[in-house]
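Step one of this worksheet: look at the structure below.
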Amino acid sequence: MHNVTEAELKAIVRKVMSEIDQTFPIGISNRHIHLSQTHFEQLFPGQSIERLRDLKQPGEFASKQTVTLIGPKGRIERVRILGPYRKESQVEVSKTDARILGINPPIRLSGDLSEAAVITLMTEASSLTIPAAIIAKRHIHLNEQDMSRLGVKKDEIVSVEILSAERRTVFHDVALRPNKNFVLEMHVDTDEANAANIDQNTRARIIR
């Protein structure tokens, strides 16, 4: 039996560390809402947005306020508002949520509301009906250093292997969302997470 030399052992360690360095965590994005300040004040008159907990990306947080989503076929209650305010209000749901509500939202990157589905947002004080519902396109948040280390470019669309137990999955059509302040993390919705057996410890890597 061949005895591993010190040089071979170091090479193995370097290879393993290099592979670990190429992986990143996955965030599971449940249904949520981004509101403009105008719409927030309409739904919550006399209130200000209240921070419940910070999210992983700097400056973003889950608020204490929730709303009810209403569509032609059903409703979903206690949907969390995320802060801070946005220029335009946006509702992000999964395909399963969309079927419950009876709407057909397009798959879009956050901020792209072209052809967004019409949905009603209701609170105890008020309600509004707006074209704002989308299914979020799976994407990776990353900064310039991450892009260099992973060998990717700004507008590149990549394929990602999900390193989950018993359900290793490859997701194609994954967008990159670079920003100098972003923390490296892939975002998928609850449908995608369930299909690929993703939990809070699951990691992923870009494949070529």
Side-chain angles (χ1 to χ4, degrees), residues 17 20-41 43-44 47-67 69 78-94 97 107-114 116 121 132-164 171 173-193 196 198-206:
M17 293 304 295
I20 292 174
D21 193 46
Q22 294 295 303
T23 69
F24 40 85
I26 306 172
I28 302 171
S29 183
N30 199 357
R31 66 185 77 97
H32 60 272
I33 302 165
H34 303 279
L35 287 178
S36 68
Q37 186 169 352
T38 298
H39 284 162
F40 181 90
E41 291 172 353
L43 292 169
F44 300 94
Q47 297 185 39
S48 58
I49 192 166
E50 295 184 69
R51 186 184 301 263
L52 176 66
R53 64 179 180 276
D54 290 331
L55 301 179
K56 188 166 185 177
Q57 298 306 322
E60 298 185 3
F61 60 91
S63 78
K64 293 181 180 180
Q65 287 95 343
T66 63
V67 306
L69 299 181
R78 294 184 295 278
V79 181
R80 188 75 54 189
I81 296 170
L82 303 188
Y85 299 123
R86 292 278 187 95
K87 286 185 177 180
E88 293 184 277
S89 295
Q90 175 177 294
V91 177
E92 295 184 36
V93 296
S94 69
D97 294 334
I107 297 174
R108 295 282 187 269
L109 285 173
S110 180
D112 180 0
L113 296 178
S114 56
L121 287 66
I134 64 169
I135 296 171
K137 183 179 178 66
R138 48 186 174 250
H139 57 278
I140 302 171
H141 290 283
L142 71 177
N143 58 42
E144 293 177 357
Q145 291 75 25
D146 297 323
M147 292 180 69
S148 176
R149 178 166 56 82
L150 297 175
V152 294
K153 299 178 181 178
K154 180 180 178 181
D155 297 319
E156 192 172 354
I157 301 297
V158 299
S159 295
V160 174
E161 182 181 12
I162 308 300
L163 306 173
S164 58
F171 283 141
D173 306 315
V174 182
L176 302 181
R177 302 300 304 266
N179 183 287
K180 65 179 181 179
N181 296 320
F182 277 162
V183 175
L184 179 60
E185 185 178 52
M186 180 177 178
H187 280 185
V188 298
D189 68 23
T190 51
D191 285 351
E192 294 167 319
I198 296 170
D199 61 30
Q200 61 183 359
N201 298 315
T202 305
R203 297 183 70 83
R205 67 183 180 93
I206 293 172

Quick one: pull up [atom1] in [X] and [atom2] in [Y] and give me the separation to the nearest 0.5 Å.
{"X": "L52", "Y": "L55", "atom1": "CG", "atom2": "CG", "answer": "9.5 Å"}
{"X": "Q145", "Y": "R149", "atom1": "CD", "atom2": "CZ", "answer": "10.0 Å"}
{"X": "I26", "Y": "R138", "atom1": "CD1", "atom2": "CZ", "answer": "11.5 Å"}
{"X": "I28", "Y": "T202", "atom1": "CD1", "atom2": "OG1", "answer": "7.0 Å"}
{"X": "Q90", "Y": "S36", "atom1": "CD", "atom2": "OG", "answer": "12.0 Å"}
{"X": "L121", "Y": "T66", "atom1": "CG", "atom2": "OG1", "answer": "11.0 Å"}

With the side chain counted from C-beta on, respond yes when [X] and [Y] share a heavy-atom pair under 4.5 Å apart, and no when they do not.
{"X": "F24", "Y": "I206", "value": "yes"}
{"X": "V183", "Y": "H141", "value": "no"}
{"X": "S94", "Y": "E192", "value": "no"}
{"X": "E185", "Y": "H187", "value": "yes"}
{"X": "I135", "Y": "D97", "value": "no"}
{"X": "S89", "Y": "L35", "value": "yes"}

request  = Spell out, as yes or no, whether a donor-acceptor pair under 3.5 Å connects the side chain of K154 to the backbone of M147.
outcome  =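 Absent.
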ask   = Does N143 reach the main-chain N or O of F182 with its side chain, forming a donor-acceptor pair under 3.5 Å?
value =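 Answer holds: yes.
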Counterpart residues, salt bridge (charged side-chain N to carboxylate O under 4.0 Å, His left out), relative to [X] (two or more places apart):
{"X": "R51", "answer": "D54"}
{"X": "R177", "answer": "none"}
{"X": "E161", "answer": "R168, R205"}
{"X": "D112", "answer": "R108"}

query = What salt bridge (charged side-chain N to carboxylate O under 4.0 Å, His left out) pairs are there with at least one residue in residues 80-94, not counting sequence neighbours?
reply =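 Every candidate salt bridge (charged side-chain N to carboxylate O under 4.0 Å, His left out) pair involving residues 80-94 fails, so no pair, neighbours aside, qualifies.
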message = Can you confirm whether more than 12 heavy atoms, excluding those of K64, are under 6.0 Å from its NZ atom?
response =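 No, NZ of K64 has 12 or fewer neighbouring heavy atoms, counting only those of other groups under 6.0 Å.
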key: Residue E156 excluded, over 12 heavy atoms near CD under 6.0 Å   =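 Yes.
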Does [X] have any ring-ring contact (aromatic ring centres under 6.0 Å, His included) partners at least two apart in sequence or in another chain, and if so, which?
{"X": "F61", "result": "none"}
{"X": "F171", "result": "none"}
{"X": "H32", "result": "H34"}

Tell me every residue that passes side chain to side chain donor-acceptor pair (under 3.5 Å) with [X], counting only those two or more places apart in sequence or in another chain.
{"X": "Q57", "value": "none"}
{"X": "E60", "value": "none"}
{"X": "D189", "value": "none"}
{"X": "D191", "value": "T96"}

task = Mind listing the closest non-hydrogen atom pair of I162 and A196 along with its distance?
result =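 Heavy-atom minimum between the residues: CG2-CB, 4.3 Å.
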inquiry  = Is it the case that the side chains of T23 and R203 hold a donor-acceptor pair, with the cut-off being a distance below 3.5 Å and no angle test?
reply    =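 R203 vs T23: donor-acceptor pair found between side chains.
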